[in-house]
Novice: 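Have a look at the structure that comes next, please.
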Amino acid sequence: MTGVRLYDSATRTVRPFEPLVAGRVGIYDCGPTVYSYQHIGNLYRYIVADVVRRTFEYCGYKVTQVMNITDVGHLFDDADQGTDKMEQAAKREGRDPAAIAKHYTDHFLADRAKLNVLPPHVMPYATEHVPEMIEAVKTLIAKGHAYPAADGVYFDITTFPGYGARLNPPGSFAERQAGARVEVNDAKRHPYDFALWRAAKPGDLQQWDSPWGRGNPGWHIECSVMSMKYLGETFDLHSGGEDHLFPHHECEIAQSEAATGKLFVRNWMHTYFLSVDGGAMHKSKGNVYLVSDFAAHGCEPLAFRMLALGVGYRKSLDFTWRALQDAQRRLDRWRSAIGGAWQRLQGSTGAVDPADPVKAAFAEAITDDFNTPRALAQAEAALDLVNGSDGALRARGLAILFDMDQVLGLGLRASAEATVLLGDVERALLDERAAARAAKDFARSDALRAQLQAKGILVKDTSEGQRWERVSRVSEGEPA
RNA sequence: GGCGACGUAGCCAAGUGGUAAGGCAGAGGUCUGCAAAACCUUCAUCGCGGGUUCGAUUCCCGCCGUCGCCUCCA
């Protein structure tokens with residue numbers, strides 16, 4: 001089993017990963033709130049989480065990856081708040097929250113599949129864990145960490161020393177308080193006490209019975225409850241976006257550890273936001289892009305995965321259409337080389353030597369805090385072998401690339417296999433063209449090449465005969 | 001205002017106290033009936049100004065710029 005080094009947001013250092021249970025790793029990824037389509041920034045984060053999970057598996061760990069679906073808004077019908085996501089969506093679309101959640105969850109999962117993001121092993125829904133959340137709130141009240149108030153139940157942060165300072169710089173929380181301009185909610189004892197349970201308000205579409213009357217759960221409690229339910233009270237790795245550093249994950253830590261008296265999470269991981277054209281995505285700027293927008297720019301979803309792999313997750317990727325198109329070209333080049341080699345080798349690559357230096361360099365890169373850009377550079381080294389004229393090296397390079405793709409997830413083997421799946425007509429045209437070339441009938445040969453091109457098959461002549469590949473130029477598009 | 005992150009070639013980006021991976025684009029060349037590939041060569045002194053050091057892109061300070069968080073957003 002290969003060791004993995006990773007950055008931990010709590011200690012702010014890169015250190016060797018040490019699993020709670022030898023050979024296993026439990027991961028909880030904060031999932032999306034499904035009130036609208038997930039944009040590329042959201043999806044980018046799940047590509048990163050996917051690479052993390054694949055890396056551990058590549059290294060021989062038995063992984064349990066849990067990702068929640070937040071299908072409750074924890075929101076109340078209060079026009080002043082203006083942040084009533086699930087409610088707003090329900091009203092906007094004239095559907096109930098369950099239908100909204102279903103629609104956007106399905107779309108999210110479909111986008112993930114297009115990006116070769118593997119399904120998590122467990123995918124709990126918040127609405128199916130409300131009883132457990134209520135139990136957790138009762139426990140916190142019983143232990144003196146929470147108190148019922150007029151409009152809900154709040155966590156008392158003064159009962160958890162160090163609140164807000166696990167993932168954030170020491171002292172920063174005090175500064176936040178000083179700078180806070182938030183009007184104090186009279187129901188709360190402390191401005192930063194956070195809701196565990198909210199009393200229902202008139203018009204709430206999502207509400208449940210509880211010991212504190214009808215209402216809905218606070219945002220943070222669902223992640224504590226669901227992560228501990230499926231991974232245990234202490235688990236290995238918890239990931240989220242950089243925006244979760246405060247308050248979400250600090251709240252999770254406080255309520256979880258207050259309830260169990262145990263360390264909640266051993267490693268915290270946060271993905272930085274991607275920017276678009278050098279700045280933030282904003283609806284007002286019209287640059288909140290979806291996977292379904294790629295086709296219009298001649299790109300496939302997997303080009304976005306290639307682009308994402310080209311950046312470290314702790315630096316922010318700057319997304320531009322040009323960058324995506326560059327990634328598409330890179331992906332096309334890989335496929336072209338791999339498809340050609342696959343045809344020459346007739347589908348046999350042999351096994352990968354576990355001690356292969358290129359593979360070793362790749363493993364070294366990917367296990368160094370998931371350094372995908374460096375890993376890609378090693379894949380390019382393997383690609384050089386594939387492009388060479390030596391048949392043995394070609395087989396070796398191909399085998400290495402397929403091995404690497406267990407982590408990269410670019411579907412390289414599938415694209416290679418697709419090149420040899422020809423229809424009878426295509427096959428006949430290729431055979432006829434080979435005959436024409438042998439007879440030096442170039443006019444006929446060129447005409448046949450044009451015909452094949454029209455069928456999406458690019459033919460190339462090499463010293464070893466014709467090679468061909470499917471041109472994946474996206475034209476069919478993918479409706480939103 | 002407070003706290004934090006980032007600023008590397010035309011573009012996307014690795015990285016290190018000792019003169020900077022990889023990809024895309026560009027330029028020149030080889031090969032080729034043509035085309036497409038492939039191959040070879042070529043393309044940066046690391047935001048600005050100081051400081052520490054024998055030596056800094058890499059450490060420290062200041063400035064400028066971008067981004068994030070400061071109650072429900074990946």
Side-chain angles (χ1 to χ4, degrees), chain A residues 12 29-33 35 38-46 48-49 70 73-75 81 83-85 164 167-182 185 188 191-195 198 218-220 239-248 251 270-275 278-281 306-307 309-312 314-320 322-331 333-334 336-337 340 365 371-381 383-384 386-389 437 440 442-443 445-446 449-450 453 458-463 467-469 471:
Chain A
R12 308 190 137 214
D29 298 317
C30 272
T33 303
Y35 63 90
Q38 300 297 301
H39 54 64
I40 58 172
N42 299 306
L43 272 325
Y44 168 64
R45 182 180 132 42
Y46 299 108
V48 171
T70 299
H74 333 288
L75 306 163
Q81 297 298 319
T83 53
D84 196 341
K85 304 285 169 52
L167 307 173
N168 292 279
S172 72
F173 183 60
E175 297 299 334
R176 286 176 197 279
Q177 292 179 52
R181 292 271 187 261
V182 181
N185 177 342
K188 293 198 275 187
Y192 276 81
D193 286 352
F194 55 89
R198 289 186 184 283
W219 176 37
H220 315 296
S239 81
E242 59 171 315
D243 54 327
H244 286 160
L245 284 164
F246 192 92
H248 184 49
C251 294
H270 294 88
T271 303
Y272 281 68
F273 281 8
L274 64 71
S275 58
M281 280 191 288
M306 178 66 101
L307 178 61
L309 292 171
V311 196
R314 285 195 288 126
K315 288 201 176 182
S316 45
L317 159 67
D318 188 33
F319 179 91
T320 59
R322 175 174 175 181
L324 184 66
Q325 284 156 353
D326 287 352
Q328 177 75 55
R329 286 197 196 91
R330 188 181 199 177
L331 181 60
R333 209 185 99 247
W334 284 31
S336 174
N371 193 323
T372 48
R374 240 170 67 210
L376 287 188
Q378 290 308 316
E380 295 284 349
L383 206 65
D384 287 343
V386 168
N387 277 327
S389 54
R437 276 180 56 72
K440 303 280 185 203
F442 295 122
S445 161
D446 290 348
R449 181 165 61 197
Q453 177 111 43
L458 177 64
V459 184
K460 303 182 279 193
D461 296 311
T462 75
S463 57
R467 297 275 99 86
W468 60 91
E469 62 186 274
V471 281

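Below, chains carry the letters A, B, ... as their sequence lines are ordered, and counting in each starts from 1.
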Novice: Is the shortest side-chain N/O distance from Asn168(A) to OP1 or OP2 of C69(B) below 4.0 Å?
Specialist: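 False: Asn168(A) side-chain N/O out of range (4.0 Å or more) of C69(B) OP1/OP2.
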Novice: Within the 4.0 Å heavy-atom criterion, would you say His39(A) contacts the bases, only the backbone, or no part of the nucleic acid?
Specialist: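 His39(A): base contact, heavy atoms under 4.0 Å.
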Novice: Write down the protein N/O and nucleotide N/O pairs, taken from nucleotides 7-9 of chain B, whose separation is under 3.5 Å; answer none if there are no such pairs.
Specialist:
unit_1	atom_1	unit_2	atom_2	d
G7(B)	OP1	Lys315(A)	NZ	3.0

Novice: Determine the contact category for Thr271(A): base if any of its heavy atoms lies under 4.0 Å from a base atom, sugar-phosphate if only primed atoms, P, OP1 or OP2 are that close, otherwise nothing.
Specialist: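 It contacts nothing in the nucleic acid.
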Novice: Any non-hydrogen side-chain atom of Leu376(A) less than 4.5 Å from a side-chain atom of Trp334(A)?
Specialist: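 A side-chain contact exists here, since the closest heavy-atom pair is under 4.5 Å.
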Novice: Any N/O pairs under 3.5 Å between the protein and nucleotides 39-44 of chain B? List them or say none.
Specialist:
none

Novice: Which base sits across from A37(B) as a Watson-Crick or G-U pair, both distances under 3.5 Å?
Specialist: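 Check on A37(B): unpaired, no WC or wobble geometry under 3.5 Å.
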Novice: Could you check whether any side-chain N or O of Asn371(A) sits under 3.5 Å from a backbone N or O of Ala365(A), counting only pairs where one atom can act as donor and the other as acceptor?
Specialist: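 Judged by distance alone, no pair lies under 3.5 Å.
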Novice: Hey, does Ser239(A) reach any base, or is it just sugar-phosphate, or nothing, if we go heavy atoms under 4.0 Å?
Specialist: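 The answer is nothing, as Ser239(A) stays clear of every strand by at least 4.0 Å.
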Novice: What does A5(B) pair with, Watson-Crick or G-U, if both distances are under 3.5 Å?
Specialist: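 Here A5(B) is engaged in a pair, and the nucleotide opposite it is U66(B).
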Novice: At under 4.0 Å between heavy atoms, what does Arg467(A) touch on the DNA or RNA strands: base, sugar-phosphate, or nothing?
Specialist: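 The residue Arg467(A) makes no contact with any strand.
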Novice: Base, sugar-phosphate alone, or nothing: which one does Asn371(A) contact when heavy atoms must sit under 4.0 Å apart?
Specialist: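 Sugar-phosphate, backbone atoms only, no base.
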Novice: Need one value for Val48(A): base, sugar-phosphate or nothing, where a base atom within 4.0 Å counts as base even if backbone is also close, heavy atoms only.
Specialist: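 Answer is nothing: Val48(A) stays at 4.0 Å or more from every strand.
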Novice: Base, sugar-phosphate, or nothing: which does Phe194(A) touch, judged by heavy atoms less than 4.0 Å apart?
Specialist: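 No contact.
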Novice: Report yes if a donor N or O on one partner sits less than 3.5 Å from an acceptor N or O on the other, where the partners are the side chain of Asp446(A) and the base of G33(B); otherwise report no.
Specialist: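 In this structure, the two groups form a donor-acceptor pair.
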Novice: For atom P, what is the distance between C70(B) and A14(B), given to the nearest Å?
Specialist: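 26 Å, rounded to whole Å.
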Novice: Leu274(A) near the nucleic acid: base, sugar-phosphate alone, or nothing, with a heavy-atom cut-off under 4.0 Å?
Specialist: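 Base, at least one base heavy atom under 4.0 Å.
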Novice: Remember a base hit wins even if backbone is also touched, and classify Gly240(A) as base, sugar-phosphate or nothing at under 4.0 Å, heavy atoms.
Specialist: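 Answer is sugar-phosphate: Gly240(A) comes under 4.0 Å of backbone atoms only.
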Novice: Quick one: does Thr70(A)'s side chain have a donor or acceptor within less than 3.5 Å of a partner on Thr33(A)'s backbone?
Specialist: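 It does not hold such a pair.
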